[in-house]
Every structure is written in structure tokens, then in C-alpha cells.
Protein chains: 2
Amino acid sequence: MELNEAREKFIEAWGAFGSAWGINRSMAQVHALLLISHEPLCTEDVMEQLNISRGNANMNLRALIDWSLIRRVLKAGERKEFFEAEKDVWKIATHITRERKKRELEPLVRLLQELEDVPGTSAEAKGFRRMTHDLHDLTTRLDTLLEHSTRRDVQWFVKAATTLLK
Amino acid sequence: MELNEAREKFIEAWGAFGSAWGINRSMAQVHALLLISHEPLCTEDVMEQLNISRGNANMNLRALIDWSLIRRVLKAGERKEFFEAEKDVWKIATHITRERKKRELEPLVRLLQELEDVPGTSAEAKGFRRMTHDLHDLTTRLDTLLEHSTRRDVQWFVKAATTLLK
DNA sequence: TCAATATTTCAATAAGTATTGAAATATATG
DNA sequence: CATATATTTCAATACTTATTGAAATATTGA
């Protein structure tokens with residue numbers, strides 16, 4: 001496969017993958033483009049290479065900065081902003097999971113905690129409490145796990161588990 | 001909080017959570033409803049309680065069976081089908097991750113594997129290979145991990161990690 | 001077999017999300 | 001400060017995905 005064809009396929013696949021996991025396709029594609037770009041790119045570059053509008057490019061570049069997946073870069077003698085991606089896949093994984101944990105997992109954990117305290121002695125109330133308690137337990141564990149994950153932990157973690165489970 | 005209010009909140013939250021992770025809101029809500037229902041429910045029950053159409057209910061009940069998150073139940077003397085949810089949260093987590101792994105992770109792993117073989121000695125080609133190789137490595141580890149996870153493994157796994165990282 | 005009832009399908013439509021592009025705003029440079 | 005250039009905003013629009021509901025199909029049991 002040609003390098004250029006490969007680059008396109010990667011951008012497409014990363015976009016589809018993100019999209020399946022509730023991450024806006026353009027955002028994932030902009031991220032993919034920067035991931036495989038050797039040099040930092042400016043907004044125009046992103047617009048051209050992905051065929052998207054200025055507004056779209058701007059919006060998703062900002063979102064990616066927000067997620068700590070890319071950073072602004074200044075080029076000497078250039079007025080406009082350039083962007084480059086974090087290339088360490090462990091950091092990428094950590095930043096994505098942290099962001100989503102904050103946005104979606106934490107609110108769920110908080111609600112489940114409340115729901116565990118629903119009063120009542122009926123079989124229904126008991127069953128409800130058991131369910132929400134178990135879910136709360138699971139989500140809290142996940143939450144803690146992600147909270148304390150650092151690159152080395154994750155590496156150890158996955159390696160240990162992979163070996164053990166092989 | 002009243003049990004009924006709590007039930008509604010849970011259904012809503014589970015729907016929103018699923019939706020943020022690329023799982024159809026209705027599917028997540030039907031799942032939530034069955035999770036907290038003491039008795040198996042029929043299609044009509046689901047339609048009524050969630051205010052959704054027959055087609056929608058049917059489609060999502062089928063999808064949930066497909067994901068092994070609920071099962072059909074026959075009630076003695078009843079002609080129609082009833083449905084009940086798997087209530088073991090570890091099994092729920094396993095089934096969801098397995099299903100998504102199959103649908104989205106595996107195709108990505110396959111592509112990344114191909115992309116690692118892109119030819120060329122330019123800095124660009126090298127950088128591209130490094131990136132896709134690292135990603136392939138990460139996704140493969142994840143894939144293996146999920147592949148071999150069973151309830152007990154997951155319990156051990158999360159417990160060990162939680163303790164270690166606390 | 002035939003009605004009654006249950007389930008599935010699917011074209012039409014609605015709802016939700018993403019994208020555009022031009023105007024407004026901000027910022028750098030002579 | 002004026003001008004050129006870069007960035008952001010946002011209402012309009014396009015696109016995607018979910019949902020409806022009625023018709024078609026399947027299933028049960030008298």
C-alpha cells in the first residue's frame with residue numbers, strides 16, 4: 001500500500017472508530033491527520049487536507065486542545081497558529097479516557113450513589129437498590145482506576161493482565 | 001427520593017450514558033427498564049412505560065438479545081414473549097465490551113496491522129509506521145485483554161488495580 | 001383450517017448532530 | 001492607528017440516525 005493511500009485509510013478508520021464511540025467524526029479525523037503529520041499544521045492545511053470548512057476546522061481544533069490531544073505551536077516568523085498532536089499513544093489513551101470519565105462517568109457515579117438510598121422494604125425497592133449498588137460499585141472502581149492511571153501504571157496493568165490471561 | 005422517581009432518573013441516566021458512548025438511547029433505556037424490573041416484561045409493557053412505538057420496542061429488544069444483555073422468557077399460559085435482563089453487572093460489562101470489541105476494535109486492529117507494512121525510508125514513512133505500530137500495539141493488547149476476560153478475571157483485575165493505585 | 005393475536009418489516013418522517021460560510025471580532029505588524 | 005491577516009461565532013442548512021405506525025408476515029390454538 002502506498003503511503004498516501006495508507007494515510008487516507010488511517011484518517012478514515014480513526015474517524016469511523018471515533019464516531020462509533022460517540023466522538024464527532026471530524027474531530028477524530030483532524031486528530032488522525034495531526035497524528036500522522038510530521039510537521040505542525042495550520043488551520044488552512046487541515047481545511048485543505050480534509051476538505052472541511054474553516055468553522056469546522058477551528059471548532060474541532062479547539063476541542064482537541066481542550067482534550068489535551070493536540071497543542072498550539074508557534075513557528076518563528078509565522079503569524080498564524082500551528083498545531084501538533086501528542087504522539088505518545090499512552091498519553092493519548094489516558095487523555096481520552098480522563099476526558100470522558102469526567103464528562104460521562106462521574107455524573108453517572110454521582111446519580112447511582114443517590115439512587116442506592118431509595119427507601120422502601122418491598123421486593124421491588126430491594127431489587128432496585130441491589131442493582132444500582134452493584135452498578136455504583138462497578139463504575140466507582142472504573143472511576144478510581146482511571147483517576148489513578150498514569151502511563152507506567154497503565155503499561156504495568158495491561159502487561160500484567162495480558163500475560164496472566166494469555 | 002421516591003422509588004418511582006428514582007426509576008425514571010435511572011432510565012434517563014442510563015440512556016444518556018449509552019448515547020454518549022454511541023449506543024442508541026432507546027436501546028439503553030429499554031435495557032435500563034428491564035434491569036430494574038422485578039418481573040419480565042412484554043413488548044406492550046416496554047412501549048407503555050417508555051412511551052415508544054411498537055417498531056422501536058421490537059427492534060431494540062432484538063438488538064439487546066443480540067448483545068446477550070436480555071433474554072426471552074416464556075410465561076406459562078401466556079402466548080406472547082416476555083423479556084428479562086441479565087442482572088449480573090460483571091456479565092453486563094463483559095457482554096457490552098465483547099460486542100463492541102467485535103464490531104469496532106477488531107476492524108481497527110486489522111487495518112493498523114496492514115498499515116505498519118507501508119514501505120518507504122523517508123522520515124514521513126518512518127513516522128507513520130511508528131505511529132501505526134504503537135497504536136496497533138495498544139489496540140492489540142486491549143483486544144487480547146478483552147478476549148480473555150471472564151467474570152473472575154475482571155474482578156481480580158479491577159480489584160488488584162484499584163488496590164494498587166489507591 | 002381459520003381467526004385471533006403476536007411479531008417483524010420498512011417507507012415516511014421526525015429528531016438530533018454536524019457543517020458551512022460569511023460576518024464579526026481579535027490580533028499582529030508597518 | 002490603520003490595515004492586513006488570523007480567528008471565532010453562529011444562523012442557516014445539510015446530513016445522519018432514530019422513530020413511527022401501518023401493513024405484511026408469522027404463530028398459536030380452537
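Below, each value reflects all heavy atoms present in this structure, side chains not excepted, and no hydrogens, waters or symmetry copies. Owing to the predicted nature of the structure, the values given are computational and were not obtained by experimental measurement. Reminder, nothing fancy here: chain letters follow the sequence lines and each chain counts from 1.
Although no hydrogens or angles enter the test, the distance criterion places no donor-acceptor pair under 3.5 Å between the side chain of A:Asn60 and the main chain of A:Ala57.
Think of the region where chain A sits on DNA chain C: with heavy atoms and a 4.0 Å cut, that region ends 5' and 3' at C:dA18 to C:dA28.
Both B:Phe10 and B:Leu50 belong to a common hydrophobic cluster when Ile, Leu, Val, Met, Phe, Trp and Tyr are linked at side-chain heavy-atom distances under 4.5 angstrom.
Taking the nucleotide of DNA chain D with the nearest heavy atom to each of A:Asn56 and A:Ser19, the more 5' of the two is matched to A:Asn56. In this structure, B:Lys80 and A:Gly22 both approach DNA chain C, and ranking their closest nucleotides by distance from the 5' end singles out B:Lys80. If you find the closest nucleotide of DNA chain C to B:Phe82 and to A:Ile52, the one lying nearer the 5' end belongs to B:Phe82. Across the interface with DNA chain D, nearest-nucleotide mapping of A:Arg25 and B:Gly55 shows A:Arg25 to be the residue nearer the 5′ end.
Nearest heavy-atom pair, A:Ala13 versus B:Leu108, reported as atom, atom and distance to 0.1 Å: CB-CD1, 4.2 Å. Between B:Leu64 and B:Val30, the closest heavy-atom pair is CD1-CG1, 3.6 Å.
At whole-Å resolution of the value, CG in B:Asn60 and P in D:dT17 are 16 Å apart. Across the protein-nucleic acid pair, A:Arg62 atom CZ and D:dA6 atom P stand 18 Å apart, rounded to whole Å. As rounded to whole Å, 13 Å separates atom P of D:dT27 from atom CG of B:Asn58. Taking atom CG of A:Asn24 as the reference point, atom P of D:dT17 lies 12 Å away to the nearest angstrom. Regarding A:Arg79, its CZ atom lies at a distance of 6 Å from the P atom of D:dA6, rounded to whole Å.
With rounding to the nearest 0.5 angstrom, the CG atom of A:Leu105 is 5.0 Å from the CG atom of A:Asp143.
Tested against B:Gln29, the residues B:His31, B:Arg25, B:Met27 include a single side chain to side chain contact (heavy atoms under 4.5 Å, CB included) partner, B:Arg25.
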